[in-house]
Amino acid sequence: MNTLRILACVTGQKSCERLIVEGAKMADAMNAELSVLHVAAAGTSLLGYPLEGDAMEYLYKISSEHGADMTMIRSDDVIEAIARFAIKNEINIILMGAARKKSGRNIALELQVRLPGVEFQTIYADED
């Protein structure tokens with residue numbers, strides 16, 4: 001029997017902790033493996049702004065606490081990088097945060113076209 005694999009896609013923000021936590025809950029409930037992925041644009045500082053270093057360190061810590069491996073990939077094509085990672089690691093479910101309105105791209109939709117056998121779930125920020 002193949003192991004279910006869940007991928008949480010994070011940005012360089014501490015608020016992405018919710019993706020890791022939700023992914024861990026799903027992984028526990030489904031007896032699945034959890035991976036965490038951050039794609040940094042090539043040609044920019046790996047940690048684009050001063051607080052991103054702290055955020056990435058924090059997300060690594062959260063990933064580790066939840067038994068997940070965290071990978072950072074440098075690429076100019078976020079869609080391609082995530083798709084390659086998902087295929088290589090036989091990912092079944094991808095968790096993403098809600099896209100910001102200013103972005104003209106719908107990364108989740110573009111990935112769904114590239115990865116038709118993968119389930120996508122959007123994890124929204126808590127509305128307090």
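Since this is a predicted model, take the numbers as computed values, not measurements. Scope of the values below: all heavy atoms of this structure, side chains included, with no hydrogens, waters or symmetry mates.
A distance-only check finds a donor-acceptor pair linking the side chain of Asp77 to the backbone of Ile79 [under 3.5 Å].
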Determine, step by step, whether Val10 and Leu37 satisfy the side chain to side chain contact (heavy atoms under 4.5 Å, CB included) criterion, reporting the C-alpha distance in whole Å, the side-chain angles of both residues, the deciding distance to 0.1 Å, and the verdict. CA-CA 6 Å; Val10 300; Leu37 177 64; over 6 Å; no
Can you check side chain to side chain contact (heavy atoms under 4.5 Å, CB included) on Leu95 and Cys9, steps first, answer last? CA-CA 6 Å; Leu95 305 178; Cys9 296; over 6 Å; no
Check step by step if side chain to side chain contact (heavy atoms under 4.5 Å, CB included) holds for Leu109 and Phe120. CA-CA 9 Å; Leu109 185 59; Phe120 286 81; over 6 Å; no
Any chance you could lay out the side chain to side chain contact (heavy atoms under 4.5 Å, CB included) test for Leu59 and Met70, step after step, and finish with the verdict? CA-CA 8 Å; Leu59 294 175; Met70 184 169 176; 4.0 Å; yes
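Contact check for Glu65 versus Ile62: side-chain heavy atoms found under the 4.5 Å cut-off. Considering only heavy atoms from C-beta on, His38 stays 4.5 Å or farther from Ile73 through its side chain. In this structure, Ile94 and Met96 have side chains that are in contact, with non-hydrogen atoms separated by less than 4.5 Å. Residues Ile93 and Met30 form a side-chain contact, since some pair of their non-hydrogen atoms from C-beta on lies under 4.5 Å apart.
Gln121 and Glu119 form a side-chain donor-acceptor contact under 3.5 Å, judged by distance and modelled atom types alone.
Summarising the geometry of Tyr58 relative to Lys14, their closest heavy-atom pair is CD2-CG, 3.7 Å, with the distance given to 0.1 Å. Residues Ser63 and Val36 approach most closely at OG-CG2, 3.4 Å, considering heavy atoms. Pairing each heavy atom of Leu19 with each of Gly97, the nearest pair is CD2-N, 3.6 Å. Nearest approach of Ala55 to Gly12, heavy atoms of both residues: CB-O, 3.3 Å. Considering every non-hydrogen atom in both Ile20 and Leu34, the closest pair reads O-CD2, 3.7 Å.
Separating the CD1 atom in Ile6 from the CD atom in Glu22 is a distance of 10.5 Å, to the nearest 0.5 Å. Of the inter-residue distances, the one linking Asp69 atom CG with Asn89 atom CG reads 9.0 Å to the nearest 0.5 angstrom. For the atom pair SG of Cys16 and CE of Met56, the computed distance is 8.5 Å after rounding to the nearest 0.5 Å. In this structure, the separation between CG on Asn92 and OG1 on Thr3 is 9.0 Å, given to the nearest 0.5 Å. Rounded to the nearest 0.5 Å, atoms CD1 (Ile91) and CD (Glu33) are 8.5 Å apart. The CZ atom of Phe85 sits 4.0 Å away from atom OG1 of Thr71, with the distance rounded to the nearest 0.5 Å.
Ion pairing between Arg84 and Glu80 holds under the 4.0 Å rule for side-chain N and carboxylate O. By the 4.0 Å N-to-carboxylate-O rule, Glu57 lies too far from Lys61 to be salt-bridged with it.
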